[in-house]
Asks: 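What follows is a structure written as C-alpha cells; I'll ask about it next.
Letters A, B, ... mirror the listed sequences (proteins, then strands); counts begin at 1.
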Amino acid sequence: MIDATSLDLFELNRKIKSVKGRKIVINNVLGQRFIGSGVEDKKSIEIYGTPGNALGAYLNNCDITVYGNAQDAIGDTMNSGSITVYGNSGDATGYAMRGGLIMIKGSIGYRGGIHMKEYREHKPVITVGGCAGNFLGEYQAGGIILVLGIGSEDKVPIGHYCGTGMHGGVIYVRSRFRPKHFPPQVLVEECDEQDAKVIEKYVRLYAERFNADAERLINSEYYKLVPNAKNPYKQLYTNN
Amino acid sequence: MPINYIYPKYDVVRDSTRCIKCGACMRQCANEVHSYDDELDVMKSDSMDCVDCQRCVSICPTRALKIIPAENRLRPNGSWSQDDIYEIYRQAEGGGVLLSSMGTPKNYPIYWDKMLINASQVTNPSIDPLREPMETRVFLGKKPGKLEFDRKGKITTKLGPHLELNVPIMFSAMSYGSISKNAHESLARAAEELGTYYNTGEGGLHKDFYKYGKNTIVQVASGRFGVHEEYLNAGSAIEIKMGQGAKPGIGGHLPGAKIREEVSRTRMIPMGADAISPAPHHDIYSIEDLRQLVFSLKEATNYTKPVIVKIAAVHNVAAIASGIARSGADIIAIDGFRGGTGAAPTRTRDNVGIPIELALASVDQRLRDEGIRNDVSIVVGGSIRNSADIVKAVALGADAVYIASAALMALGCHQCHSCHLGKCNWGIATQRPDLVKRLNPEVGYKRLVNLVNAWNYEIKEILGGMGINSIEALKGNRLMLRGVGLADKELEILGIKHAGE
C-alpha cells in the first residue's frame, strides 16, 4: 500500500519499484506518469485516483486496475498483462500494444489502438464500453478493438478517419447503423459466427468486470472493420 | 498508346576474347542479367535489369566484363535530363511514388569539401601520434555544470548514464530487415572490437545479438517494432527515432516480402505482413510529449541508460534541437539530407532537408547561446565519407559521428542505389538466404574494424598536426577551420573565417 499524496512521479515510481511484494495498492494518485513502466516483479497494481500519461508503458505480465479515469497513452507498447479502467481514458490508448488486454469501462479519446500489432501468441485486445474518438485503429496491424457504445445507441460510437492506414487486425463496433466513410484500405463487413464467438468472449469479460448486462450486449448488432486484403500499399510505389 | 520503352541505363560489355564461359556472372547476378546460350555456346547479357552493382565485374576471373553507362541516349536537352524524362515515363506507366535507396546522388554542395583544416607551424609545435599519447576517446551524455570532489579527490557529483567510445565513430541505425543478419553481425562484432556502438534501427534485436548488448544502441521508432522490456534493457542506450536524413518527415515501409521468419521473429510481427512505421510518433505532438517518451523509456530502464533523440536536419533544426536538449534527452543525433536509406521516395530523398554541416554549426551555436550545450552531446551523420569529414564535424561542434553508408561500403556495397529491390548481390540489403551468405561476417567485421582504425589513426595525425592531443580539445574549435569559395552567409552560419583571414 502506497500513499501517493505529494509524491512526484520519480518518487512514486521509485517507491513502487522498491516495495516488496507482488501486489501493490496506490491511493491518492494524481497525474503521476509512467506508473507500471519497468516493474518486472510486480503482479498487480491497483490505483485509486487519476494516474498520469503513459500508464503501463511497455507493460509485461502485470495487471493494473484504475479506480478512476486514466489519461493519455496508457499501455504504450504493452507486451502482456492487463489494464482495467473504471472510467474513461485519454488519447492514444494502447498505442502500438503487442499483447495483453485493455478494458475501459467508459470511452476513449483520439487515436485509440493506433498501430496495434499482433505476433504469434501475442494478440492485444482493447475493449471500450462507451465511444471511441477519431482515428481509432489508425495504422492497425493486428489485434482486436471492440467498441460497445453503451449509452450511445442512437449513433455509431466511433469517430472520423477510423482505420486510416489499417493493414491488419480487426475492429468490432456494436451499432445499429452501418458505419460509413472509410478510407479505401478499410472494409466494413457483417460479423460471422467466428466473430460472434470472439465478441461474446470479450463482452463477457467486460460485463463480468463492470457489472454490465452481458446478454443484452451480446444480442446486439455488430459490424466488423478489416483491412482490404489486397495489399494496398504496394501499389503506391514505382521503382526508380 | 505510347510505347513506354526505357532503354537500359547501363551496357554490359563482355570481352569475348577473355570470357571463358565459366558462368560465374550468371550465378552471381540476382537480377538475372547474364545467361548462357546452349546452342551458340556463348554467354549473353541483357542489361535491362542491371543496376550496376559491379558484382559480376568483381567476380569475373578473367576480367572480361565491364559495366558502362549506356551509349544510347535521348536527344540532349538542357531543361529535361534523361532521368527527368524516364521518371515521367515510369510514373505514367506505374502510377506510383518513385522509390529509391541510399543517399541522394544529386549534385548538392558538399560543405566538408569547402572547409580546410589548420596546422601548427613554428610557434605551436605539432605532435606525432606515434610518439606521444593522443586521445580520441569520447563520452556521450549529459555533462554536469561543475564537479565536486570529496577530500580524497573522488568525484561526488552524481553523473548521469554515459556512453564511452574509444573512437569518435559509431555505426548508425540500420534495421535487421532493411539489411541482412550477416551485415548486422558484422556491425555488432566490429563495434565490440572497436569499443564503440552499432544501432539496431527499428527492427528489433535478433536473439543471437543480445550478447553484443554492451555495444548496442536499441532504437525506438514510431512503429515500435520489436520493442519490449527485455529489448530496451539489452542495449547501452536507447535511441528515439524522430526522423531520418534521407527522408525527413516520412515514415518507413518494409514490404511483406522482406519479412521472412527471422525478421518476423525479431520485429515481432507476422511473416509476410507489411511493416509500416508511421511518419510521426502519434503520441508526440510537442516537446512536452517527447519528454514523456524520453522519461517513459528512462523509467522502463531505471535511469541506467542515456536516451538519444535522432532527428533529420531540417530548416528549423536549431530550435528543434534546443527543445530536445530540454526534453531530458542525453544525446541529440542529427542526420543530414545526404544520408542513406533502404528505401525512400525519390522526391523526398532528393529535395527534403538540409546539409548536415550547416545544421550542425547552427545547432551547436544555438545550444551554446542558450547555455545548454553541455546538457546534451551531439552526434552527426548523413554523409560522413572519411576521417577529414569527422575532424571538420568535431571542429564544428560534434561530439562524435555516425557512419552507415561508409560502413556498408566496407562490407562490399557498391552504391547501386537499389536496396529497395531486396536483391542485393553483395548480401547486405537483402533477406534472400543465397545472397545473404555471400557476406561473411567473419571477414565483414574485420573490414569494418580496419576502416575505423585507419580513420582513427588519420584523425590522430590531423589532430597532432594542429598541435592538439585530445579530440575533446577540438570540439567546437572553429578557429581550426577556414572556408574556401564560400559566400559570407555560408561562412556566418558555419561560424568560420575564410581562408586567408
Asks: Check whether any side-chain heavy atom of A:N240 sits under 4.5 Å from a side-chain heavy atom of B:E87, and report yes or no.
Replies: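 Yes - at least one pair of side-chain heavy atoms lies under 4.5 Å apart.
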Asks: A:A54 versus chain B, heavy atoms under 4.5 Å apart: side chain, backbone, both or neither?
Replies: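 Both parts, backbone and side chain.
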Asks: Ignoring hydrogens and angles, tell me if any N or O in the side chain of A:R98 forms a donor-acceptor pair with the backbone of B:V227 under 3.5 Å.
Replies: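 The answer is yes, because a donor-acceptor pair under 3.5 Å joins these two groups.
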Asks: For A:Y172, is the OH atom crowded, meaning more than 12 foreign heavy atoms sit under 6.0 Å from it?
Replies: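 Check passes, neighbour count above 12.
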Asks: Can you measure from OH (B:Y231) to OG1 (A:T77) and round to the nearest 0.5 angstrom?
Replies: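 With rounding to 0.5 Å, OH (B:Y231) is 11.0 Å from OG1 (A:T77).
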Asks: What part of B:Y285 is in contact with chain A, defined as an atom under 4.5 angstrom from a non-hydrogen atom: side chain, backbone, both or neither?
Replies: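 Contact with chain A involves the side chain of B:Y285 alone.
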Asks: Find the distance between CG (B:D49) and CG (A:N239) and round it off to the nearest 0.5 Å.
Replies: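 Answer for the CG-CG pair, B:D49 versus A:N239, is 10.5 Å.
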Asks: Could you check whether B:H420 and A:Y237, counting side-chain N and O atoms only, form a donor-acceptor pair closer than 3.5 Å?
Replies: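 There is no such pair between these side chains.
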Asks: For B:S296, is it the side chain, the backbone, both, or neither that has a heavy atom closer than 4.5 Å to a heavy atom of chain A?
Replies: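 Answer is both: backbone and side chain atoms of B:S296 are under 4.5 Å from chain A.
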Asks: Under 4.5 Å between any side-chain heavy atoms of B:M268 and A:N79, yes or no?
Replies: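 B:M268 vs A:N79: side chains touch.
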Asks: Can you name the salt bridge (charged side-chain N to carboxylate O under 4.0 Å, His left out) partners of A:E138, sequence neighbours left out?
Replies: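 Here no residue qualifies.
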Asks: Heavy atom to heavy atom, less than 4.5 Å: which residues from residues 26-38 of chain A reach chain B?
Replies: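 Expected list: A:R33, A:F34, A:S37, A:G38.
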Asks: Please confirm whether the backbone N or O of B:F225 pairs with a side-chain atom of A:K117, one donor and one acceptor, at under 3.5 Å?
Replies: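 A pair under 3.5 Å: no.
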Asks: Calculate, to the nearest 0.5 Å, the distance between atoms CZ and CG belonging to B:R291 and A:N53 respectively.
Replies: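 The distance works out to 13.0 Å.
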Asks: Shorter than 4.5 Å, heavy atoms on both sides: which option in B:S101, B:P278, B:S100, B:S277 has the most such pairs with chain A?
Replies: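 Most pairs with chain A among the choices: B:P278.
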Asks: Below 4.5 Å from any heavy atom of chain A, which atoms of B:Y86 appear? Answer side chain, backbone, both or neither.
Replies: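 For B:Y86, no heavy atom lies under 4.5 Å from chain A.
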Asks: Less than 4.5 Å to any heavy atom of chain A: does that hold for the side chain of B:D83, its backbone, both, or neither?
Replies: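 For B:D83, neither part sits under 4.5 Å from chain A.
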Asks: Name the region of B:S264, side chain, backbone, both or neither, that has any atom closer than 4.5 Å to a heavy atom of chain A.
Replies: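 For B:S264, heavy atoms of backbone and side chain both lie under 4.5 Å from chain A.
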Asks: Looking at B:R224 and A:D76, is any side-chain nitrogen of the basic one under 4.0 Å from a carboxylate oxygen of the acidic one?
Replies: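 Salt bridge between A:D76 and B:R224, a charged N being under 4.0 Å from a carboxylate O: yes.
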Asks: Check whether more than 12 heavy atoms from other residues, nucleotides or ligands sit under 6.0 Å from atom NZ of A:K17, and answer yes or no.
Replies: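 For A:K17, atom NZ is crowded (more than 12 foreign heavy atoms under 6.0 Å).
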Asks: With under 30° as parallel and over 60° as perpendicular, where do the rings of A:Y95 and B:H282 fit, or are they tilted in between?
Replies: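 Geometry flag for B:H282 against A:Y95: perpendicular rings.
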Asks: With only heavy atoms counted, which part of B:L297 is less than 4.5 Å from chain A, the side chain, the backbone, both or neither?
Replies: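 Both the backbone and the side chain of B:L297 come within 4.5 Å of chain A.
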Asks: For the candidates B:H281, B:E230, B:E299, B:R267, which exhibits the highest count of non-hydrogen atom pairs separated by less than 4.5 Å from chain A?
Replies: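 The option with the most such pairs is B:E299.
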Asks: Which pair of non-hydrogen atoms, one from A:V39 and one from B:E229, has the smallest distance, and what is that distance?
Replies: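 Minimum heavy-atom contact is N-OE2, 3.7 Å.
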Asks: Less than 4.5 Å apart, side chain to side chain, heavy atoms only: is that true for A:D72 and B:D283?
Replies: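 No; the side chains remain at least 4.5 Å from each other.
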Asks: State whether the number of non-hydrogen atoms from other residues, nucleotides or ligands found under 6.0 Å of B:K258 atom NZ is greater than 12.
Replies: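 Enclosed: over 12 neighbouring heavy atoms sit under 6.0 Å from NZ of B:K258.
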Asks: Is it the case that more than 12 heavy atoms not belonging to A:K123 sit under 6.0 Å from its NZ atom?
Replies: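 Atom NZ in A:K123 is not crowded, with 12 or fewer foreign heavy atoms closer than 6.0 Å.
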Asks: Roughly how far, to the nearest 0.5 Å, is the CG atom of A:N13 from the OH atom of B:Y303?
Replies: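 These two atoms lie 6.5 Å from each other.
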Asks: Looking at CD of A:Q140 and CD1 of B:I276, how far apart are the two atoms once the value is rounded to the nearest 0.5 Å?
Replies: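 Here the interatomic distance stands at 12.5 Å.
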Asks: Can you tell me how far apart OG1 (A:T238) and CD (B:Q91) are? Round to the nearest 0.5 Å.
Replies: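 These two atoms lie 6.0 Å from each other.
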Asks: Report which part of B:S222 has an atom under 4.5 Å of a heavy atom belonging to chain A: side chain, backbone, both, or neither.
Replies: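 B:S222 touches chain A through backbone and side-chain heavy atoms alike.
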Asks: Quick check on the interface: out of A:F10, A:Y119, A:Y110, A:Y139, who has the most heavy-atom pairs with chain B under 4.5 Å?
Replies: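 Answer, by heavy-atom pair count under 4.5 Å with chain B: A:Y119.
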